[in-house]
Amino acid sequence: MSKKLTKKTNGQMTTDLEQLDPKSHIIIKGARVNNLKNLSVAIPRNKMVVVTGLSGSGKSSLAFDTLFAEGQRMYVESLSSYARQFLGRMEKPEVDYIRGVAPAIAIEQKVNTRNPRSTVGTSTEIYDYLKLLFARIGRTISPVSGEEVSKDAVEDVVDKILSNEVGTRLMVLAPLMEHEDRTMEQELQLLLSKGYTRVQWKEEILFIEDLLPDHDKIKDHAEIRVLIDRLAIPEEIPEELQFRTADSVQTAYFEGGGTCILAYTDGRIESYSDKFERDGIVFEEPSANLFTFNNPYGACKRCEGFGSILGIDPDLVIPNKELSVYEDAIAPWKSETMKKWKQKLVETAMDFDFPIHRPIEDMEPELVELLWTGNKHFKGLNKFFDFLQSKTHKIQYRVMLSRYRGRTTCPDCRGTRLRKDASYVKVNGKSITDVVLMPIAEARSFFDTLNLTDFEAGVAKRILKEVTNRLEYLDRVGLGYLTLNRLTSTLSGGEYQRIKLATSLGSALVGSMYILDEPSIGLHPRDTQRLIGVLESLRDLGNTVIVVEHEEEVMRASDQIIDIGPNAGSHGGELMFQGTLDEMHGVDTHTAHYLSGKIEVPVPENRRPFSKTIKINGASENNLQNIDVEFPLGVLTTVTGVSGSGKSTLIKKILYPALGKRLGTVNEETGKMKSITGDIEKVTRMEFVDQNPIGKSSRSNPVTYVKAYDVIRTLMSGQSLAKQRGYKPAHFSFNVDGGRCETCQGEGTQKIEMQFMADLHLTCESCKGKRFKQEILEVEYNGKNIADILDMTVADAMEFFADQKSIINKLKPLYDVGLGYIGLGQSSSSLSGGEAQRVKLAYFLGHGKSKAGEHTLFIFDEPTTGLHFHDIDRLMKAINALVDQGNSAIIIEHNMEVIKCADWIIDLGPEGGQNGGQVLFAGTPEEMVKIDVGYTAPYLKEKLNS
């Protein structure tokens, strides 16, 4: 479908749509889902198509709620009636018709799993193949001698015997075994009854009857061996001899407790064992279950396969390492009841030269360790917490213990989750724990250069193909810095989406319709080109790739662009343009204006100066290379760098918990660092504005979050009819009894729990989805009742309440951060991560100017997620407003439009993973474009000079 077609009237467009072949196009006629306005469009098959437009214009409604929903529904309809009963009812999207739909696969940003056992390796299926690989060709190496552990199968011993020279004579013997319930005499009697007649004592062959009276020889039973058989190797080995030899070896193993001894007439003695043992240790034979941490057999016994245990967090015990022991650095020893533990140390410190006045951060590691272990002069922290543990029957001790507990790495498996002996099994000198702890890029290199025997290569060929394919795709989508052991729940939405994308490529489906939700989120511009290559690979396999995206590079690489608009919410939902990038020139849409350079986010005229800073010293968590980083206060700072360079580790794992513990607001484990110094007292509060949902309740929504609903309820209760009936503001709340519909309890829908089926959410029959009783809905303001108001978008509500300043003041921050299109009563669970983050930003904006002496440090994690270029300008104005109120802002970001607006840039790199974690640059954008280090500077130079 071309640009020319989109300019026609609806009637003509319909005619053209009906003439198209569903085998070559996916045809959508009259889509009316959410804010789509009878939208008709034909999407070419086996092409890469970008759907773009302002945030809230209707992109996701078209791609996910219409196309994907119909693809899923048609797939479910194709199943048997038996299978359909378990999948619940799937509603048909509100559309005239959709033709040519292929099987649909949606790859969204949301991290769907919070399973504490799910890792990158398990979610990509790589770990399943690794288990098979190590079980099939892994060699068990003894940790004592470093030699390979093996057992001797019966056939191996038989081959060894029959390979001797012709005429060789030998005896097959078994050691005499001890049994607790029998004496050695009884054991020999039992052997007689089984048919054995002779034994070897030292080098002498004796009849058992002759040995029984000789108690002295029997006492020396370690020298007694049961004679099983005597063999001589003939010129030609008949089949009967092979069977006889195998039977003799098997019997020797049975009688000798797994040991078979061959005694040759020339004096040679050979011992074989069918046990998997070496150096006095019996090892487990490699099997898939041995490497499964989700199975009790393979899981570490201490942490049960979780990799971490609930233990005492040293950072909570000693939160401020600038203090000395005398200055109460040890938090639990500050209280009146517990300071006797500190007093004992202070009184006896001179006896063993302990520096009680030296700051903890300046102490040698062995002195810090001494604080925990204690000595004969004082009881250390370990004994102190053992004491608390012994008193947990008293609530005050339980409370104190909980205050200093946190998740710590399991000391037994060191976070790898597997039982210790699983790491003894190696392929090419590496255990499975070594492999899962490698960055994916390094693991890929390891498997590409494996040195295997012909037999091993034959066994592993199919497994290795699956492993290397998946590792290659993970590396290509820019995730080479992750490890296979990384928890899925700790990934960002963008990382999780790219993992699913790599998994889809690894499975090599064809003829499908892939719908992706902003796959470039979380990617540095350097990595975007690699992502585009992966999307093109997916298309070239024979799939239709539909990408909801705002990233300029992805648009330029697409086969076709679909632009939805013109604006957001009720002012969007129309097809503004469809065609190639070249055809877009001269079109009057926000996207076209930005791509042509007609509109751009303005660069600030001046960068804010600063005098106060907070400094992180010696940060070495994950891949950070023992770096010192200074964060200026009172300005807008961006932390940049390629994916995996250490940005999130520096901010989320070190700065946020370290500063939060000083403020007493964060109870998380702090990453490895030496200290946090600088003007810490300047910061009175800290807010981490992340992309987590804004509320857990299904009744939570944006209007309640920003406290605008309180004012609206007060307004409604002030109407004349409400006063006559005695309605209070609570009557207009759907969270408490009174005016809400009691059938659905203000939800608007009812959840029907179906046995053996997915739960159904059906519109409430009593209130028809309005949430309130009929008498409450009779109260109106300017012709609208409370249900009508909740159905409005933020932008529509601002027009409707134009004369209500108190409501406008609460709603304006939502509009200012680009959320004018969301519904006032829209459930918070339906908001994307980026939208939830901007609702939180609006909440802080709505608080107005900080009080004198207050200084809040705001941390934002990629706030441009889900934002069109047009909306980034408004977002930056909102964040700058917070800074202008006397606060500080730190933004983790890849978007150059944001980076160019910063007062200060901290660039990490140069690469991701082990090759990252260094500070490449710290300074203003103008200073950064002059340097020739890292990948960020060239892209920033383009923006500042454009």
Side-chain angles (χ1 to χ4, degrees), residues 307-308 311-323 329 358-369 371-372 406-411 413-416 433-434 436-442 480-483 485-487 490-492 613-631 637 639-662 666 668-678 680 688 859 861 890 892 906-922 933-934:
S308 61
I312 301 301
D313 184 349
D315 288 316
L316 294 174
V317 177
I318 310 175
N320 187 352
K321 294 177 178 59
E322 290 179 15
L323 300 177
R358 189 189 301 172
I360 301 293
E361 66 184 13
D362 295 335
M363 283 187 185
E364 292 80 7
E366 52 269 24
L367 288 176
V368 177
E369 182 66 20
L371 280 175
W372 288 87
R407 301 299 302 185
T408 57
T409 302
C410 173
C413 68
R414 300 194 177 183
T416 58
T433 53
D434 293 332
V436 297
L437 292 173
M438 287 179 188
I440 283 166
E442 189 182 323
Y481 59 90
L482 292 178
T483 64
N485 198 48
R486 174 82 174 263
L487 277 174
T490 65
L491 298 172
S492 69
T613 63
I614 290 176
K615 188 176 182 182
I616 296 289
N617 303 296
S620 55
E621 178 72 9
N622 292 341
N623 65 331
L624 295 179
Q625 313 275 333
N626 196 28
I627 56 174
D628 299 335
V629 189
E630 217 161 348
F631 298 94
T637 303
V639 182
T640 67
V642 297
S643 305
S645 58
K647 304 180 300 297
S648 295
T649 300
L650 177 62
I651 303 302
K652 295 183 186 177
K653 289 262 189 93
I654 294 180
L655 176 66
Y656 176 64
L659 190 55
K661 282 175 182 173
R662 292 292 190 90
V666 177
E668 292 178 17
E669 185 182 354
T670 307
K672 297 189 197 80
M673 65 161 189
K674 288 178 183 170
S675 63
I676 177 170
T677 57
I680 299 169
F688 191 177
I859 298 173
D861 186 12
I890 296 173
I892 303 170
I906 297 168
D907 191 32
L908 300 184
E911 299 288 343
Q914 293 177 337
N915 298 320
Q918 300 173 36
V919 179
L920 300 181
F921 171 81
V933 180

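Note that the structure is a prediction, hence the values are computed from the model and not measured.
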#### Entry: Backbone N/O of Leu908 and side chain of Lys647: donor-acceptor pair under 3.5 Å
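Not at all, since once roles are kept as given, no pair shorter than 3.5 Å links the two residues.
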### Any donor-acceptor pair under 3.5 Å from Asn622 side chain to Gly917 backbone
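Judged by distance alone, no pair lies under 3.5 Å.
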### Message
So, taking the atom named CD1 in Ile859 and the one named CG in Leu659, what distance separates them when rounded to the nearest 0.5 Å?
### Response
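The distance works out to 7.5 Å.
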Would you say that [X] contacts [Y] through its side chain, given a criterion of any heavy-atom pair below 4.5 Å between the two side chains?
X	Y	value
Arg358	Leu367	yes
Ile651	Phe631	yes
Lys321	Val368	no
Tyr481	Val642	no
Val629	Leu655	no
Leu371	Ile360	yes
Val666	Tyr656	yes

### Task
Check whether the side chains of Thr649 and Asn623 place a donor and an acceptor atom closer than 3.5 Å, and report yes or no.
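Looking only at side-chain atoms, Asn623 and Thr649 do not form any donor-acceptor pair under 3.5 Å.
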### Query
Under 3.5 Å, is there a donor-acceptor pair between the Thr640 and Asp907 side chains?
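Per modelled atom types, Thr640 and Asp907 side chains form a pair under 3.5 Å.
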### Query
In a check of side chain to side chain donor-acceptor pair (under 3.5 Å) between Glu630 and each of Thr637, Asn617, Thr613, which one passes?
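Exactly one candidate clears the test, Thr613.
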